[in-house]
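Notes follow the structure.
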Amino acid sequence: MASELSAEIEDKPSLLLSSVDALVFWMRNPLAFWIVTLPIAALAAMTAWLLDSHRDLEPWRHHWGWGLLFALIYAMFLDRWIKTSLLDEASPCEEVDNLRRSVISLRYLAGAVLLFGLALLLQPLHYGEVSIVLWSASACLFALMLPSLSAAEPLSLRQAFALGRPLQVHLFLLIAIAVAISILAAIGMERALTFVPTRPWHGAALAAAERIVDCLMLAWVGHVLAAWFRDTTGWRAPEPDDHPFRNIRTARRTRG
């Protein structure tokens, strides 16, 4: 029994090493990141500029629809980055190309909507720290379902929970730290603008910068989730027809 527990602990990934690997991966793929991130930042800047320029649109500034829109956009970004991570250095073949070009699944988008709804429910809480903790704790329960959907080998809720149960502390820290950095960065940039002369473009620049920080955090989370999914399930990218081990797949380990 003791040997089994020690083996299970040794199998747990290191959040620090996984984060360093995510940084290295991001530095090797800057073009893939900015191609998707810049349109998101431009959309946020354009929206902020329109709201600042037209007073009649002021009632729409804090409408929940903007949050839902960017939640769906973030889901598509996360799905694309996880695919990029999973298919890193994969041998070119038709299956790899199909997976790389595949669109986000409806289950993925539904999960984004549910998490957005949960964030709305937790928003009235007086202490922001409580909201972050509760939201992160809820999101980490089934976080490994996201890379499984991106890999076109979806896990059920029960399988995702069982697979991620030994990693719950790591998953919680990963998600909570990313959310906290995003919120603190937005607050810091907003306060920094108070020390410079007011300009008409301040709101647009702030909105774009906030979205870029969010995408950086999503890239970090996405790559780490992809790595942990690959390590815990033994998932491998599709191989070409002439590969000698094309049909070999390591069975999923559902601990507990």
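Treat the numbers as computed from the prediction; the structure is a model and nothing was measured.
Here the side chain of Gln168 pairs a donor or acceptor atom with the backbone of Gly164 at under 3.5 angstrom. Remark: side-chain polar atoms of Arg80 are not paired, donor with acceptor, to backbone N or O of Ala75 under 3.5 angstrom. Distance alone, capped at 3.5 Å, is enough to place a donor-acceptor pair between the Ser148 side chain and the Leu155 backbone. Counting only distance, with no hydrogens or angles, the side chain of Ser182 and the backbone of Ala178 share no donor-acceptor pair below 3.5 Å. Side chain of Thr194 to main chain of Glu190: no donor-acceptor pair is present (N/O by atom type, distance under 3.5 Å, no hydrogens or angles). When atom types are taken as modelled, the side chain of Ser102 and the backbone of Leu99 share a donor-acceptor pair closer than 3.5 angstrom.
A distance of 11.5 Å separates CG in Leu120 from CG in Leu115, rounded to the nearest 0.5 Å. Going from atom CD1 of Ile177 over to atom OG of Ser19 covers 7.5 Å, rounded to the nearest 0.5 Å. Here the straight-line distance linking atom CG of Leu87 with atom OG1 of Thr84 works out to 7.5 Å at 0.5 Å rounding. Here the CG atom belonging to Leu149 is positioned 8.5 Å from the CD1 atom belonging to Ile104, to the nearest 0.5 angstrom. One distance of note links CG of Leu134 with CG of Leu118; it measures 8.0 Å at 0.5 Å rounding. Atom CD of residue Gln159 and atom OG1 of residue Thr233 lie 11.0 Å apart, to the nearest 0.5 angstrom.
Heavy-atom contacts from other residues, nucleotides or ligands closer than 6.0 Å to CG of Leu157 number more than 12. Heavy-atom contacts from other residues, nucleotides or ligands closer than 6.0 Å to CZ of Arg101 number more than 12.
Under the side-chain contact (heavy atoms from CB on, under 4.5 Å) criterion, Leu17 pairs with Ser14, not counting sequence neighbours. Residues that satisfy the ring-ring contact (aromatic ring centres under 6.0 Å, His included) test with His63, not counting sequence neighbours, are Trp60. When the salt bridge (charged side-chain N to carboxylate O under 4.0 Å, His left out) test is applied to Arg28, the partners found at least two apart in sequence or on another chain are Asp88. By the side-chain contact (heavy atoms from CB on, under 4.5 Å) test, Asp21 pairs with His223, sequence neighbours left out. For Trp220, the ring-ring contact (aromatic ring centres under 6.0 Å, His included) criterion is met by no residue, not counting sequence neighbours. The side-chain contact (heavy atoms from CB on, under 4.5 Å) check on Ala71 picks up Phe116, with sequence neighbours excluded.
Residues Pro30 and Trp34 have side chains in contact (heavy-atom distance under 4.5 Å, counting atoms from C-beta outward). For the pair Asn29 and Phe25, the minimum side-chain heavy-atom distance is below 4.5 Å. Annotation: side chain of Ile82 is in contact with side chain of Tyr108 (closest heavy-atom distance under 4.5 Å). For the pair Phe142/Phe161, a side-chain contact is recorded, criterion being any heavy-atom separation below 4.5 Å from C-beta on.
Under the 4.5 Å side-chain heavy-atom criterion for Ile, Leu, Val, Met, Phe, Trp and Tyr, Leu171 and Leu114 are members of distinct hydrophobic clusters. Both Leu218 and Leu173 are part of a single hydrophobic cluster, where members link through side-chain heavy atoms under 4.5 Å apart. No single ILVMFWY cluster, assembled from side-chain heavy atoms under 4.5 Å apart, contains both Leu193 and Leu184. There is no path of hydrophobic side-chain contacts, each under 4.5 Å, that joins Leu16 to Trp228. In the hydrophobic clustering of this structure, Val24 does not group with Leu86; members are Ile, Leu, Val, Met, Phe, Trp, Tyr whose side-chain heavy atoms approach within less than 4.5 Å, directly or through other members.
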Inset, instruction - Under the side chain to side chain contact (heavy atoms under 4.5 Å, CB included) rule, what do Leu216 and Ile181 come out as? Steps first, then yes or no, please. - result: CA-CA 10 Å; Leu216 286 170; Ile181 291 176; over 6 Å; no
Inset, instruction - With side chain to side chain contact (heavy atoms under 4.5 Å, CB included) as the test, would you mind laying out the steps for Leu43 and Ile73 before giving the verdict? - result: CA-CA 11 Å; Leu43 175 61; Ile73 292 175; 3.6 Å; yes
Inset, instruction - Could you check Cys215 against Ile40 for side chain to side chain contact (heavy atoms under 4.5 Å, CB included), going step by step and ending with a plain yes or no? - result: CA-CA 9 Å; Cys215 289; Ile40 297 175; 3.9 Å; yes
Legend entry - Test side chain to side chain contact (heavy atoms under 4.5 Å, CB included) applied to Asp214 and Phe70, step by step: CA-CA 10 Å; Asp214 290 346; Phe70 280 99; over 6 Å; no
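Taking both residues in full, the closest heavy atoms of Asp79 and Ser150 are given as OD1-OG, 2.8 Å, listed atom of the first, atom of the second, then distance. Nearest heavy atoms, Gly203 versus Ala48: O-CB, 3.7 Å. For the residue pair Arg230 and Ser85, the shortest heavy atom distance occurs at NH1-O, 3.7 Å. Minimum heavy-atom separation, Phe77 to Thr37: CE1-OG1, 3.6 Å. Residues Met189 and Ala209 come closest through the heavy atom pair SD-CB, 3.5 Å. Closest non-hydrogen pair, Ser18 versus Val224, comes out as O-CG2, 3.8 Å.
Trp81 has its ring centre no less than 6.0 Å from the ring centre of Tyr74.
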